[in-house]
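Model, not experiment: these values are computed from the prediction. Here is how names work: the chains are called A, B, and so on, in the same order as the sequence lines, proteins then strands, and each is numbered from 1.
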Amino acid sequence: MIHVENLRVAFTGRRQVEAVRGVDLTISEGECVALVGESGSGKSVTARSLVGLAGPNARVEADTFTVDGRDARAFAARDWRRLRGRFAGLILQDALVSLDPLRTVGAEIGEVLQTHGIGDRRDRPQRIRQLLTDVHVPEPERRARQYPHQLSGGLRQRALIASAIAGGPRLLIADEPTTALDATVQAQILRLLAERRASGETLLLISHDLAVVSTLADRVLVMKDGRVVEGGDTRTVLVSAGHPYTRKLISAATGRRRGTTTEPGDVVAEATALRKVYGDRTVVKDFGVTIRRGEIVGLVGESGSGKTTVAQLLFGLAEPTSGHVRFEGADFSGVPERARRPIRRRLQLIAQDPLSAFDPRWTVRRIVGEALPRGADPEPCLERVGLGADVLDRYPRQLSGGQRQRVAVARAIAPRPSLIICDEPVSALDVSVQAQVLDLLADIREADGTALLFISHDLGVIRDIADRVLVMHDGRVVEQGPVKAVFDHAGHEYTRALLDAVPTLEVSR
Amino acid sequence: MIRAIARRVASGAVVLWAAATAAYLALLAAPGDIVDSLIGDGADTPQIRAQIIAEWNLDRPAVVQYLDYLWRAAQGDLGRSYLLQRPVGEVIGDQVPPTLKLAVAAAVFGVALALVLAVTTRHRWARRASSAAELVIVSTPPFLIGIVLLSVFSFRFGLFPVSGDRGWAALVLPAVTMGLPIAGVLAQVLRDGLDRALDEPFAITARARGLRERAVLIRHALRHALMPAVTMLGWLTGVLLGGTVIIEQVFGRPGLGQVTLQAVGNGDMPVVLAVVVLAAAAFVVINTAADLAYLVIDPRLRRS
């Protein structure tokens, strides 16, 4: 269906960027091919080039570029338009922004039918209903009249898929179709994609996650810096990866446990019977935790489980409706901010997205320097997180994602805190960078005895770094205990569902 | 719903009261004597002065006069014009239609032109030319635009009347003069909004359905671009209110602008106060309309 040789895509503009530098790609009828790589590897650009959507500033060149048996190099805008939606459907990452937020999902699906003149006006509602049923959306009639923000993440993504398959395309291109979703929802969407494939659709899957891809793809192409570094049958690539980069991705996907030998010390923070009510919704119910010096406590849960509210309560950003927070032996909830301020320095936060947690007009020197006594040199702090003096005078946006998160760690450890609350600290990072930041956090715990409360939706990350874990569901802790015990013998059905939903990379050797 | 409306009405009333009070204080502080304004060119004797003071109740303390004014205004009685010796409601009422006609025509022309410019000039030279023209128009004072239009279309080609308010032809040049700067600003805002919306993932999804670029623009991006434009409705009201004063002068049109100028110049307090309250009311109405427009455009802002 698609045959490309030596695909090159460059973005012209103030700065010329070669995003894709010579990719060969063949997709045959009925196949599932996966493009795997980290951000900036060129995988999305490659996929979009296949439907002529690389962007207005993109220059696309290839030695051979056959789409549906025709030479795409000679395509005019009209030729591309006829293929889009009809020959190939595109599914993007987050339906909240990939569907027009101002239009109902029914209107979005209907637009495909209208554009390609499928059916007439009268039977369109019937077709929309059928499409939503095909992707297992319950109550399709009601859902069709709703807007994307009124649907849950899973339903939204299904609606997006329904709009992509509305024109009956033979090829589905899915660009990180499950990345924005919770684990259990991700599992459902992957099942749906597998179903589409079983019904004869050809699938091109783009993902940063080898584990996600391994459950679906026949063939895998690993991309790095705009080139395919390794490709072949999925099993073969996973079992006998030749390229060091592929091996790095595999090891990142299988994870590595970072244990400790230090025993937990004195109690640093303690929360008892925390309850938080917003309006008529109880967001946190009866939450309790004791965190000791040198401990890493994992807090895992899906979006809406209340874990972020817990972080806010512990951090003193929100007052609990009832219950108490104590920090370093002093009351931390129910007291005025003035009373908290002297010990605030001992409690630090690392946020998911450092780019929005830093003042964009501040240099790294100032960002880290702010957390230090006046006049102190920020360089040793940066050295500890593996950054050189060369980043001191740069601005946050001039750093890579990994460097930025290292700066966030440097800022957090600068005042020598006894507890750092890490809210999804590696979720926005590429897997290989994730591993480095986890190493860094484990080292800091080991060296300083700093306690960490590690909040994440990613069970794999929790397994790799935490000593103990609390599983939250609907505002309640449903299970807790040492990581190994909880992961190997989950007692609560929700924990088991969560664990089952995580795609695992099975590499038999 | 009812509570939301009640809150709106209450805050609108507060705005009107604040505007009336501020204007009252400003006029009180302004130089000149009310009795002088009332006498005008008439005979000036101590008896006449005493008579006027008694007739207009000017001997009461300022606070009492202010409260009296508020009380009557709340009942719809805006007092009598000192200068014209007619009820203020009548004086203003006569002048509202021509001004409203001009303001609506200018707004419609400005918004329509902005939409056409933003949507049709998307690429290369057309975009650059349009953008440059908009900047030039925005940075030119309106009276100058009016004079240029007058000298070209009225004096030179005689296409439109030079002054007055007879028929639709007389409306064209003033409306264009006032509408052009509006179009200039709004076109820039809309273009910027379109650029941003077209970069969003949903625009890529729409293109991936096989839509023409024009359809992506009109059906998807335009609604997103309207949001920041709606925010500027308040500004638009200000431009229209301030603009009419100048434009009516340039084109010799009757209207609120003329009346306001006269009233301010002659210290005709009741008329000035009424104009201020009217302007504040216009702001309240337009801003309420803007808030409603947000809800119509963006379903995410509606409470489920």
For residues 99-112 of chain B, which side-chain N or O atoms pair as donor and acceptor with protein atoms under 3.5 Å away, sequence neighbours left out?
residue	atom	partner	partner atom	Å
B/Thr99	OG1	B/Gln95	O	3.3
B/Thr99	OG1	B/Glu248	OE2	2.8
B/Thr99	OG1	B/Leu256	N	2.7

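- Shortest non-hydrogen contact noted between B/Leu180 and B/Leu113 is CD2-CD2, 3.9 Å.
- Contact of the A/Met1 side chain with the A/Phe87 side chain is registered, since non-hydrogen atoms from C-beta on lie closer than 4.5 Å.
- Heavy-atom distances place the side chain of A/Arg48, and not its backbone, under 4.5 Å from chain B.
- Scanning residues 222-247 of chain B against chain A with a 4.5 Å non-hydrogen threshold yields B/Arg223, B/His224, sorted by number.
- Looking at A/Leu160, only its side chain comes within 4.5 Å of chain B, counting heavy atoms on both sides.
- Chain B is approached within less than 4.5 Å, heavy atom to heavy atom, by no residue from residues 165-175 of chain A.
- Electrostatic pairing of A/Arg70 and A/Asp68 does not count as a salt bridge here, judged by no charged N lying under 4.0 Å from a carboxylate O.
- In terms of non-hydrogen atom pairs under 4.5 Å with chain A, the most contact-rich of B/Thr205, B/Leu211, B/Ile297 is B/Leu211.
- Interface remark: A/Leu99 contributes backbone and side-chain atoms alike to the contact with chain B (heavy atom separation under 4.5 Å).
- Taking A/Asp100, A/Leu90, A/Ile91 one by one and counting their heavy-atom pairs under 4.5 Å with chain B, the maximum is reached by A/Asp100.
- Under 4.0 Å is where a charged nitrogen must lie from a carboxylate oxygen, and between B/Arg122 and B/Asp195 at least one such pair does.
- Interface residue A/Leu92: only side-chain heavy atoms are found under 4.5 Å from chain B.
- Interface remark: A/Val97 contributes backbone and side-chain atoms alike to the contact with chain B (heavy atom separation under 4.5 Å).
- Proximity to chain B among residues 107-118 of chain A is limited to A/Glu108, A/Glu111, A/Val112, A/Gln114, A/Thr115, A/His116, judged by heavy-atom separations below 4.5 angstrom.
- Remark: A/Arg124 does not engage A/Asp120 in a salt bridge, criterion side-chain N to carboxylate O under 4.0 Å.
- Looking at every heavy atom in both residues, A/Gln146 comes nearest to A/Leu151 through OE1-CD2, 3.2 Å.
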Quick one, A/Val135 with A/Leu192, criterion side chain to side chain contact (heavy atoms under 4.5 Å, CB included). Give me CA distance, side-chain angles, the key distance, then yes/no. CA-CA 7 Å; A/Val135 295; A/Leu192 176 61; 3.9 Å; yes
